[in-house]
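Below you'll find the structure, written out as structure tokens, and then a few comments.
Heads up: numbering here begins at 1 and tracks the sequence. Ligands are counted one by one from 1 in listed order, and the atoms in each one are counted from 1 as well.
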Amino acid sequence: MTNPADSPYVRACRRLSVPHTPVWFMRQAGRSLPEYRALRGTGSILDAIADPAIAAEVTMQPVRRYGVDAAILFSDIVVPVHAIGFGIDVVPGRGPVVAEPFRDAADLSRLRDLSPETDLPYVLETVDRVVAELGGTPLIGFAGAPFTVASYLIEGGPSREFTKVKALMHSQPDLWVALMERLTAGSIAFLRAQVEHGASALQLFDSWAGFLSPSEYECFALPATTRIMEETADLGVPRTLFGVGTGELLSLMAQSGAEVVGVDWRVPIDEARRRIGPGLAVQGNLDPALTFASHEVLVDATRRVLESAGTAPGHIFNLGHGVLPTTNPDALQVVVDLVHGEGRAGVLQ
Ligand code: CP3
């Protein structure tokens, strides 16, 4: 059995040579897969996540089907705050919804310390099961970055304008820092536990960071992310930092300490590399909407990403954001096969 640390995915994160450009997809497990829909039924996703047999099977489904280079743990960014009883649910078609949103200092007491082994034993059992089944394929553990998780807690659900979270961070900076500190500590503990149970890499999802200006990002979001990177560095696994609409933030994200920066489809890989600077790997960035286009368009768009990445080491192919629930899995198979066949980033010629 090969060691996941020697897999194309982990090697590409470290900007080492690879036999082929690695590829995986954010949200590769989920509603786009008929085998997922058959297994899940209609209950809350939080119930599925709490059942290690189901969660492990769902994590494995895309690995078996597509032959992707990494598995991502089937969980959600709000699972840790749910586990400590903040009162959060995930509504199908909508996303995380909070019954009583975070408003003031009194709400800090609703965010007690997270101890992963006792609060999230089912997630860690899922990690154990998946790692045992994966063999040499790496498992990516993950957490939500504090800003993005806080945006759900404060807005009470998915938001388009982020008015409440921005009002709070600007008007009550001390409260904001206290909230960030709680979420940061929980993320660190949870990420560490996933690696201790065998995850070979980590990804921090700061999905909504792109709604911040560079100075807001630097002041209100980056410090928490940087601390998470500092406090997980000794684990020795590559860490990816991803957000949507972060073209103007890429150079700041590159300062976080992450080994890999994930980019959405708005910035081509070569330009993203210029903004990120040397020394980091880059992940992305096919527009997920193009999986709905004709075969020719999809092939051309995939090749454009590969061309933009070129032959320099340190490219992990992915979509610019998650797989959409109505995506045809066959389109993703086309992408995987093309990337494996034609991707040249870090491939010895
Ligand atoms: O395959 C994978 O990527 C692993 C599983 C995963 C889920 N959520 C499962 C899920 C991961 C990595 C996440 C992370 C997550 N959750 C993020 C960061 C990634 C991103 O998309 O930016 C965010 C912002 C969330 C919050 C969240 N949870 C949203 C916006 C939604 C979608 C709501 C919907 O129904 O369209 C969820 C629910 C969710 N998380 C689903 C899945 C498979 C769909 C719900 C279901 O199947 O019942």
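At least one heavy atom of Tyr152 sits under 4.0 Å from some atom of ligand 1. Contact annotation: Gly322 has no heavy atom less than 4.0 Å from any atom of ligand 1.
Note: Leu153 CG to Phe102 CZ = 8.0 Å, rounded to the nearest 0.5 Å.
Here is the list of ligand 1 atoms found below 4.0 Å of a heavy atom in Tyr36: 43 (C), 46 (C), 47 (O). Distances below 4.0 Å separate heavy atoms of Ala29 from the following atoms of ligand 1: 1 (O). The atoms of ligand 1 that sit less than 4.0 Å from any heavy atom of Pro96 are 26 (C), 27 (C), 28 (N), 29 (C). Proximity to Arg94 (heavy-atom distance under 4.0 Å) selects the following atoms of ligand 1: 33 (C), 34 (C), 35 (O). Taking every non-hydrogen atom of Arg40 and a distance limit under 4.0 Å, the qualifying atoms of ligand 1 come out as 46 (C), 47 (O), 48 (O). Atoms of ligand 1 found under 4.0 Å from any heavy atom of Pro92, numbered from 1 in the order shown, are 35 (O).
Aromatic rings from Phe205 and Phe142 are positioned such that their centres are separated by under 6.0 Å.
Relative orientation of the Trp208 and Phe162 rings is tilted, given thresholds of 30° and 60° on the angle between their planes.
In this structure, a donor-acceptor pair under 3.5 Å is present between the side chains of Gln203 and Gln283. In this model, no donor atom of one side chain and acceptor atom of the other lie less than 3.5 Å apart for Tyr66 and Trp24. A side-chain N or O of His170 and one of Glu216 form a donor-acceptor pair less than 3.5 Å apart. Side chains of Asp128 and His197: a donor on one and an acceptor on the other come within 3.5 Å.
In this structure, of Gly141, Gly43, Ser207, the residue bringing a heavy atom nearest to atom 22 (O) of ligand 1 is Ser207. Counting heavy atoms only, Ile45 comes closest to atom 10 (C) of ligand 1 of the residues Ile45, Leu73, Val149. Comparing heavy-atom distances from atom 11 (C) of ligand 1 across Phe205, Phe142, Trp24, Phe74 singles out Phe142 as nearest. Of the listed residues (Ile77, Leu33, Asp76), the one carrying the non-hydrogen atom nearest atom 40 (N) of ligand 1 is Asp76.
Between Gly93 and ligand 1, at least one pair of N/O atoms sits closer than 3.5 Å. Polar contact with ligand 1: absent for Trp208 (N/O pair, distance under 3.5 Å).
The pair Arg14-Glu259 fails the salt-bridge criterion, with no side-chain N (NZ, NE, NH1 or NH2) lying under 4.0 Å from an Asp/Glu carboxylate O. Electrostatic pairing of Glu230 and Arg227 does not count as a salt bridge here, judged by no charged N lying under 4.0 Å from a carboxylate O.
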For ring pair (Phe, Tyr, Trp, His ring centres under 6.0 Å), just list the numbers for Tyr36 and Phe74, CA-CA rounded to whole Å, side-chain angles, deciding distance to a tenth of an Å, and then say yes or no. CA-CA 11 Å; Tyr36 171 84; Phe74 182 72; 5.7 Å; yes

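Put simply, the residue from Arg40, Arg65, Arg64 that forms a salt bridge (charged side-chain N to carboxylate O under 4.0 Å, His left out) with Glu35 is Arg65.
The shortest contact between atom 38 (C) of ligand 1 and any protein heavy atom is with Val90 CG1, 3.4 Å. Counting protein heavy atoms only, atom 6 (C) of ligand 1 is closest to Ser75 O, 3.2 Å. Regarding atom 20 (C) of ligand 1, its nearest protein heavy-atom neighbour is His321 NE2, 3.1 Å. With respect to atom 44 (C) of ligand 1, the closest heavy atom belonging to the protein is Arg31 NH2, 3.6 Å. Nearest non-hydrogen protein atom to atom 32 (C) of ligand 1 is Arg27 NH1, 3.9 Å.
The residue Phe25 has no part lying near ligand 1, judged by heavy-atom distances below 4.0 Å.
Smallest separation of non-hydrogen atoms from Ala281 and Ala12: CB-O, 3.6 Å.
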